[in-house]
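Read through the structure below, which is laid out as structure tokens, and then see the notes.
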Amino acid sequence: GQPLPDLTGHRIMAHNAAFERLIFWYVLQVNIPLESFYCTAAQARANCAPGSLEDVGRFAGASMKKDHRGAQLIRKMSVPPYEESPELTAEMVAYCEQDVRAMRAISKAMRPLSDEELADYHVNERINDRGVLVDVPLCQAAVRYASAELTEIQAIVAEVTEGVIKSVRSPKMRDWVYERVGDEARKLMQKDGKVSIDKTVRFNLLNCDGVPPDVQEVIQCADDLWASSVAKFSRLAQLSDEEDGRVRGAFVFAGGSATGRASSYGAQVHNFTRRCAESPGDVRTAMVRGHQIVPKFGPRITDVLRGMLRPALIPAKGKQLVVADWSSIEARVNPWLSCRGEDKLAVFASGADVYKVNAAATFGVAVDAVTKAQRQIGKVQELACGFAGGVGAFAAMGRAYGVALPESDARRMVDGWRRANPWSVLYWQDLESAYTRAMRNKGKPYSAGRVAYMFDGLHLWYVLPSGRILCYPYARLEPEGISYAKAAWKPAADAKEWPRARLWKGLACENITQAVAADLLRHSLRQLDDVVLHVHDEIVIETDAPDMDALRLIMCTPPEWAKGLPLDAEVSIMERYGK
């Protein structure tokens with residue numbers, strides 16, 4: 001019976017404000033402009049804190065904390081069969097009021113969103129509301145193939161293990177593998193003092209010489225069974241709107257707490273595999289008709305399904321997808337940030353193949369004489385070494401790109417990249433010096449390249465060239481170095497303190513580089529209409545009038561704060577999302 005206040009001209013602040021906004025628009029039928037909404041969850045994430053109201057309260061140690069009674073009330077009053085009574089209604093009102101008090105107290109204790117950050121949040125919400133079209137019949141077919149494969153996989157495992165293991169989900173599988181592999185493989189299975197068979201371990205074991213063929217087959221079966229693409233197909237189909245087949249609300253603004261990069265919710269497009277089928281249209285036709293897809297389209301059903309995950313996203317009838325991604329964006333931003341990398345930037349500006357340039361410097365040959373194998377090593381060098389990565393980082397990145405070298409050769413590759421990029425080591429030292437001096441001199445700014453640090457006694461702040469501010473929350477200078485509260489890690493229920501992480505020069509370099517790349521993405525998104533997807537260095541537009549040159553111009557024209565940064569982008573038109 002309470003009247004709705006006149007909200008004209010007012011800012012409406014709410015935690016996860018999209019929920020309130022959609023209730024206003026589609027349930028209450030109240031027309032309030034998107035620009036009137038301010039999300040305090042986005043504000044928390046922009047301040048490198050957790051987005052959850054409950055978590056951010058614990059993170060900040062605030063006296064106002066989320067009321068757990070709310071979850072019980074929602075189950076009773078908002079989930080069938082509904083319970084209603086004056087007493088429960090009064091409790092629900094009190095719970096909502098307490099939630100507002102908690103949200104308000106936490107919001108007031110944090111740096112507010114800047115006008116630009118708020119505008120970027122609204123851009124994100126427009127993309128969320130537009131949604132992306134899903135090929136639901138393809139997703140449903142993928143789930144059917146996966147179900148058929150499950151029976152096949154379990155039968156193979158039982159046969160290979162002579163009935164010892166009937167399911168790769170059994171804990172026995174891990175022990176069975178461990179007993180049958182060599183010492184090197186056993187080392188790969190050790191994680192935090194325990195034996196593991198997780199995704200990374202499985203990948204390493206499948207590329208390790210000390211694993212017998214029958215054991216490799218069982219590991220491969222486990223990898224196939226646990227492939228996340230099956231769950232993603234099912235999730236896409238479930239999330240798609242039954243009226244128009246579009247998935248909405250997929251992007252979380254500033255979901256990457258250390259950088260402000262967007263993350264993905266529900267559809268989780270940021271985790272899609274890069275692998276795509278060569279002829280997705282043909283594969284799709286075969287799948288929806290229930291035809292045999294192995295071995296024609298791949299060696300295993302799982303391989304075929306992974307290659308069809310991106311192509312499950314399609315344009316509406318009469319439209320096309322324009323897909324554009326920046327070329328080597330982080331490899332360009334990093335030397336530009338250092339103010340020392342003019343030679344490296346000149347390589348990019350000339351249009352030369354940076355991977356070949358790396359390899360030429362390392363192997364002492366002319367750029368034109370670099371072989372395909374040497375270029376692949378040059379690529380791994382660029383991806384692994386830019387953030388102070390050493391031999392371990394090179395080996396890990398090499399496994400992902402099919403490059404396996406002895407430790408002595410890997411060390412030579414790392415040293416070769418650093419010699420060819422003399423700006424890098426000096427820049428990492430500049431960063432370490434700047435943030436350490438800032439921690440020791442409260443309230444004084446210290447610069448490194450194009451970034452400046454300042455410690456206010458609580459948080460270690462840093463300002464990007466765009467003017468955007470990020471921080472390492474609740475930072476401490478300890479004998480072992482600088483530590484900070486890591487928002488992405490969630491503590492146990494009885495924990496006395498939020499989990500902490502160590503800041504080191506490689507992490508600082510990576511965070512800054514990715515944050516600036518995110519600023520470039522935001523800058524482009526502000527200028528574009530009809531965006532349906534964006535994945536770090538990639539933008540996807542759905543349109544009936546593709547203009548590849550206009551999109552490339554926007555993405556390759558740096559903003560005022562990024563003058564001198566050479567940018568390049570590849571743009572293509574697709575009937576299905578791909579790579």
Practice task
State whether R126 and D129 are salt-bridged, where the test is any N-O pair (Lys NZ or Arg NE/NH1/NH2 against Asp/Glu carboxylate O) under 4.0 Å.
Solution key: no

Problem - Close side-chain approach of L520 to P559, heavy-atom, < 4.5 Å - result: yes

Problem - Neighbour count >12 (heavy atoms, 6.0 Å) for atom CD, E407 - result: no

Exercise for the section: Could you check L565, V516, V333, I512 and say which one makes a side chain to side chain contact (heavy atoms under 4.5 Å, CB included) with P465? Expected result: V516

Completion exercise
Sorted by chain and number, sequence neighbours left out, salt bridge (Lys or Arg N to Asp or Glu O under 4.0 Å) with E480 holds for R502

Handout entry: Donor-acceptor contact present, side-chain E330 to main-chain T513, <3.5 Å
Key = no

Handout entry: Partner residues of D409 under the salt bridge (Lys or Arg N to Asp or Glu O under 4.0 Å) criterion, sequence neighbours left out
Key = none

Exercise for the section: Output the distance between atom CG (N334) and atom CH2 (W428), rounded to the nearest 0.5 Å. Expected result: 8.0 Å

Practice task
Answer yes or no: is there a donor N or O on one side and an acceptor on the other, between the side chain of R468 and the main chain of A515, under 3.5 Å?
Solution key: yes

Practice task
Output all residues satisfying side-chain hydrogen bond (donor to acceptor under 3.5 Å, both in side chains) with S466, sequence neighbours left out; order by chain, then residue number.
Solution key: D519

Practice task
Dump the intermediate steps for side chain to side chain contact (heavy atoms under 4.5 Å, CB included) on D353 and V367, then the final yes or no.
Solution key: CA-CA 9 Å; D353 185 328; V367 172; 5.9 Å; no

Completion exercise
Residues at least two apart in sequence or cross-chain that pass side chain to side chain contact (heavy atoms under 4.5 Å, CB included) with D368, listed by chain then number, are none

Handout entry: Considering all heavy atoms, the nearest W326-L521 contact
Key = CH2-CA, 3.6 Å

Practice task
Could you pull out all residues at least two apart from D241 that satisfy side-chain hydrogen bond (donor to acceptor under 3.5 Å, both in side chains)?
Solution key: none

Handout entry: Ring-ring centroid check Y462 Y472, cutoff 6.0 Å
Key = yes

Exercise for the section: Step by step, work out the side chain to side chain contact (heavy atoms under 4.5 Å, CB included) result for M439 and T436. Expected result: CA-CA 5 Å; M439 288 295 298; T436 303; 5.7 Å; no

Practice task
Have a look at Y453 and tell me which of Y446, Y435, W461 forms a ring pair (Phe, Tyr, Trp, His ring centres under 6.0 Å) with it.
Solution key: Y435

Exercise for the section: Classify the angle between the aromatic ring planes of W423 and Y427 as parallel (below 30°), tilted (30 to 60°) or perpendicular (above 60°). Expected result: tilted

Practice task
State plainly whether the residues R21 and E125 are in salt-bridge range, i.e. N to O under 4.0 Å.
Solution key: yes

Fill in the blank from the handout: With P546 as partner, the option from D549, D544, T543 fulfilling side chain to side chain contact (heavy atoms under 4.5 Å, CB included) is T543

Exercise for the section: Please indicate whether E497 has more than 12 foreign heavy atoms, meaning atoms of other residues, nucleotides or ligands, lying under 6.0 Å from its CD. Expected result: yes

Problem - Backbone N/O of V535 and side chain of E538: donor-acceptor pair under 3.5 Å - result: no

Handout entry: Neighbour count >12 (heavy atoms, 6.0 Å) for atom OH, Y265
Key = no

Problem - Sidechain-backbone polar pair: R58 side chain, W498 backbone, donor-acceptor under 3.5 Å - result: no

Practice task
Indicate yes or no for a side-chain donor-acceptor contact from D547 to the backbone of A550 under 3.5 Å, with no hydrogens or angles considered.
Solution key: yes

Without placing hydrogens or testing angles, list every side-chain donor-acceptor pair under 3.5 Å for residues 310-319, not counting sequence neighbours.
unit_1	atom_1	unit_2	atom_2	d
R310	NE	T273	O	3.0
R310	NH1	Y577	OH	2.9

Practice task
Could you list the residues that satisfy salt bridge (Lys or Arg N to Asp or Glu O under 4.0 Å) with D325, not counting sequence neighbours?
Solution key: none

Practice task
Ignoring hydrogens and angles, tell me if any N or O in the side chain of E35 forms a donor-acceptor pair with the backbone of H122 under 3.5 Å.
Solution key: no

Fill in the blank from the handout: Here the gap from S263 atom OG to H536 atom NE2, rounded to the nearest 0.5 Å, amounts to 8.5 Å

Practice task
Using the test salt bridge (Lys or Arg N to Asp or Glu O under 4.0 Å), find all partners of D530 that sit at least two apart in sequence or belong to another chain.
Solution key: none

Handout entry: Rounded distance (nearest 0.5 Å) linking atom CG of L236 with atom CG of L239
Key = 7.0 Å

Show me, pair by pair, the donor-acceptor contacts under 3.5 angstrom made by side chains of residues 356-365, not counting sequence neighbours?
unit_1	atom_1	unit_2	atom_2	d
N358	ND2	G378	O	3.2
N358	ND2	E382	OE1	2.7
T362	OG1	N358	O	3.0
T362	OG1	Q381	NE2	2.8

Practice task
To the nearest 0.5 angstrom, please state how far the CE atom of M110 sits from the CG atom of N47.
Solution key: 5.5 Å

Handout entry: Heavy atoms of other groups near K579 NZ, more than 12 under 6.0 Å
Key = yes

Completion exercise
When rounded to the nearest 0.5 Å, the distance separating SG of C471 from CG of L460 is 8.0 Å

Practice task
May I ask you to say whether R522 pairs ionically with E116, meaning some side-chain N is under 4.0 Å from a carboxylate O?
Solution key: no

Handout entry: Partner of D415 under side chain to side chain contact (heavy atoms under 4.5 Å, CB included), chosen from R412, R419, M413
Key = R419

Exercise for the section: Spell out, as yes or no, whether a donor-acceptor pair under 3.5 Å connects the side chain of W336 to the backbone of G341. Expected result: no

Handout entry: Heavy-atom pair with the smallest gap, counting every atom of L503 and Y484
Key = N-CE2, 4.0 Å

Completion exercise
Correct closest heavy-atom pair for A438 and F455 would be O-CB, 3.3 Å

Exercise for the section: Answer whether the closest heavy-atom distance between the side chains of C385 and R418 falls below 4.5 Å. Expected result: no

Exercise for the section: For A277 and P280, work out which heavy atoms get closest and say how close. Expected result: O-CD, 3.4 Å

Fill in the blank from the handout: Residues passing the side-chain hydrogen bond (donor to acceptor under 3.5 Å, both in side chains) test with R526, sequence neighbours excluded, are D120

Completion exercise
Value for CD1 (I106) from NE2 (H15), rounded to nearest 0.5 Å, stands at 7.0 Å

Sequence neighbours left out, cut at 3.5 Å: what donor-acceptor pairs do the side chains of residues 254-261 make with other protein atoms?
unit_1	atom_1	unit_2	atom_2	d
T259	OG1	R261	N	3.2
R261	NH2	Q514	OE1	3.4

Practice task
Write down the atom of N271, the atom of K232, and the distance for their closest heavy-atom approach.
Solution key: CB-NZ, 3.5 Å

Exercise for the section: Determine yes or no for a side-chain-to-main-chain donor-acceptor pair under 3.5 angstrom, with S327 supplying the side chain and D568 the backbone. Expected result: no

Exercise for the section: State, to 0.1 Å, how close A267 and S264 come at their nearest heavy-atom pair, and which atoms those are. Expected result: C-OG, 4.2 Å

Problem - Check: F59 ring centre within less than 6.0 Å of Y474 ring centre - result: yes

Handout entry: Set of residues satisfying side-chain hydrogen bond (donor to acceptor under 3.5 Å, both in side chains) with respect to E117, sequence neighbours excluded
Key = R111, S114

Completion exercise
Of R130, R576, R246, the one forming a salt bridge (Lys or Arg N to Asp or Glu O under 4.0 Å) with E542 is R246

Problem - S433 side-chain N/O to D430 backbone N/O, donor-acceptor pair under 3.5 Å - result: no

